[in-house]
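Read through the structure below, which is laid out as structure tokens, and then see the notes.
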Amino acid sequence: MYAGHAAIALALKSREPRVPMAPLVLACYGPDWLEIFLGFWRGRDEMALYTHYLPGLLTGALAAAALYVVAFRRPGGWIILSGWLLHWPADFFTAHKGLLSPTDRVGLDLYNLPAADFAVEATLVLFCCALYARTFAHSAAQRRWVVAMAAALLGLQAMLDYGSAKEHPVWRPSLAERQWRTHLTFVLSVGAAPPLRMPLALSPTTLTASAQWRSKECEA
């Protein structure tokens with residue numbers, strides 16, 4: 001999720017206007033910024049497992065809310081908490097994120113379906129900008145500014161979706177923890193991609209098996 005996190009910040013700002021936009025945007029992107037910062041020591045891929053799974057997410061959210069209250073000494077800590085926590089359900093649509101374990105991950109993986117990802121994020125951007133406009137855009141000039149902001153977010157999202165799209169994406173949605181996946185698999189074809197047997201959770205085992213299968217297909 002890219003532009004969607006900024007859109008969530010706009011929606012939360014309309015709920016609590018007293019919270020400055022800068023810390024609110026930082027909170028909505030917080031797990032990503034924390035992942036980048038910690039990644040200097042252990043690598044981003046490893047740190048992403050811990051900044052985006054639920055215990056790590058809750059810890060980060062509580063720390064961010066406490067830091068906001070201490071630094072700004074004004075109401076709105078719960079909005080910072082909400083912005084940080086809402087990062088996970090937003091990312092669920094686009095990638096794979098951990099639940100109680102950082103290695104058993106779930107998500108709809110829409111990054112590998114660029115058109116679907118853009119549709120979801122565009123809907124979120126338009127809805128949240130409408131909420132923001134209803135609260136703050138009382139003049140024609142202010143409404144034009146909100147429209148320009150929405151257009152910029154949509155343009156950024158389109159560039160990221162289609163500019164960074166893989167040549168032959170493989171969609172791998174994942175819907176439940178490892179111990180829950182006793183059945184419920186289906187076969188899906190996406191464009192030229194081979195049929196996909198969907199696990200109910202991505203784990204090191206399923207990822208390794210998928211990589212081995214794709215390697216055999218390439219050799220063939």
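Heads up: numbering here begins at 1 and tracks the sequence.
- In this structure, Cys129 SG and Arg143 CZ are separated by 14.5 Å, a value rounded to the nearest 0.5 Å.
- Transitive grouping of hydrophobic side chains (ILVMFWY, heavy atoms separated by less than 4.5 Å) keeps Phe127 and Leu110 in distinct clusters.
- Of all the heavy atoms in Arg18 and Pro75, the pair that sits closest is NH1-CG, 3.5 Å.
- Of all the heavy atoms in Trp84 and Pro31, the pair that sits closest is NE1-CG, 3.5 Å.
- Taking each heavy atom of Ala3 and Leu153 in turn, the nearest pair found is CB-O, 3.6 Å.
- Rounded to the nearest 0.5 Å, atoms NE2 (His5) and CG (Leu26) are 13.0 Å apart.
- With contacts defined as side-chain heavy-atom distances shorter than 4.5 Å, the pair Tyr68/Pro20 qualifies.
- A distance of 7.5 Å separates SG of Cys28 from CD1 of Ile80, quoted to the nearest 0.5 Å.
- The minimum heavy-atom distance between Ser82 and Leu12, with the atom names listed, is C-CD1, 4.3 Å.
- Residues Val125 and Val147 do not share a hydrophobic cluster, clusters being chains of Ile/Leu/Val/Met/Phe/Trp/Tyr side chains in contact below 4.5 Å.
- Taken together through direct or relayed side-chain contacts under 4.5 Å among Ile, Leu, Val, Met, Phe, Trp and Tyr, Leu57 and Leu67 form parts of separate hydrophobic clusters.
- Between Leu10 and Lys13 there is no side-chain heavy-atom pair separated by less than 4.5 Å.
- His96 contributes a side-chain N or O that, together with a main-chain N or O of Arg172, makes up a donor-acceptor pair within less than 3.5 Å.
- Between Leu126 and Leu154, the closest side-chain pair of non-hydrogen atoms falls below 4.5 Å.
- Atom CG of Leu108 is separated from atom CG of Asp91 by 11.5 Å, given to the nearest 0.5 angstrom.
- Transitive grouping of hydrophobic side chains (ILVMFWY, heavy atoms separated by less than 4.5 Å) brings Trp78 and Leu24 into a common cluster.
- Linking Ile, Leu, Val, Met, Phe, Trp and Tyr whenever their side-chain heavy atoms come within less than 4.5 Å puts Met47 and Leu58 in one cluster.
- Applying the salt bridge (Lys or Arg N to Asp or Glu O under 4.0 Å) definition to pairs two or more places apart or across chains, none involves residues 111-135.
- Looking at Tyr2 and Leu156, their side chains never come closer than 4.5 Å, going by heavy atoms from C-beta outward.
- Closest heavy-atom contact between Tyr111 and Ala95: CE1-CB, 3.8 Å.
- With Trp33 contributing its side chain and Ala27 its backbone, the two residues share no donor-acceptor pair below 3.5 Å.
- Within the structure, every pair that satisfies the side chain to side chain donor-acceptor pair (under 3.5 Å) test and touches residues 48-57, not counting sequence neighbours, is listed here: Asp32-His52, His52-His87.
- The CZ atom of Phe136 sits 10.0 Å away from the CH2 atom of Trp145 when rounded to the nearest 0.5 Å.
- By the 6.0 Å contact criterion, CZ on Arg15 is open, its count of non-hydrogen atoms from other residues, nucleotides or ligands being 12 or less.
- The two residues Thr135 and Ser14 come nearest to each other via the heavy atoms OG1-CB, 3.3 Å.
- Two residues are said to be in side-chain contact when any heavy atoms from C-beta on lie closer than 4.5 Å; Phe118 and Pro114 fail this criterion.
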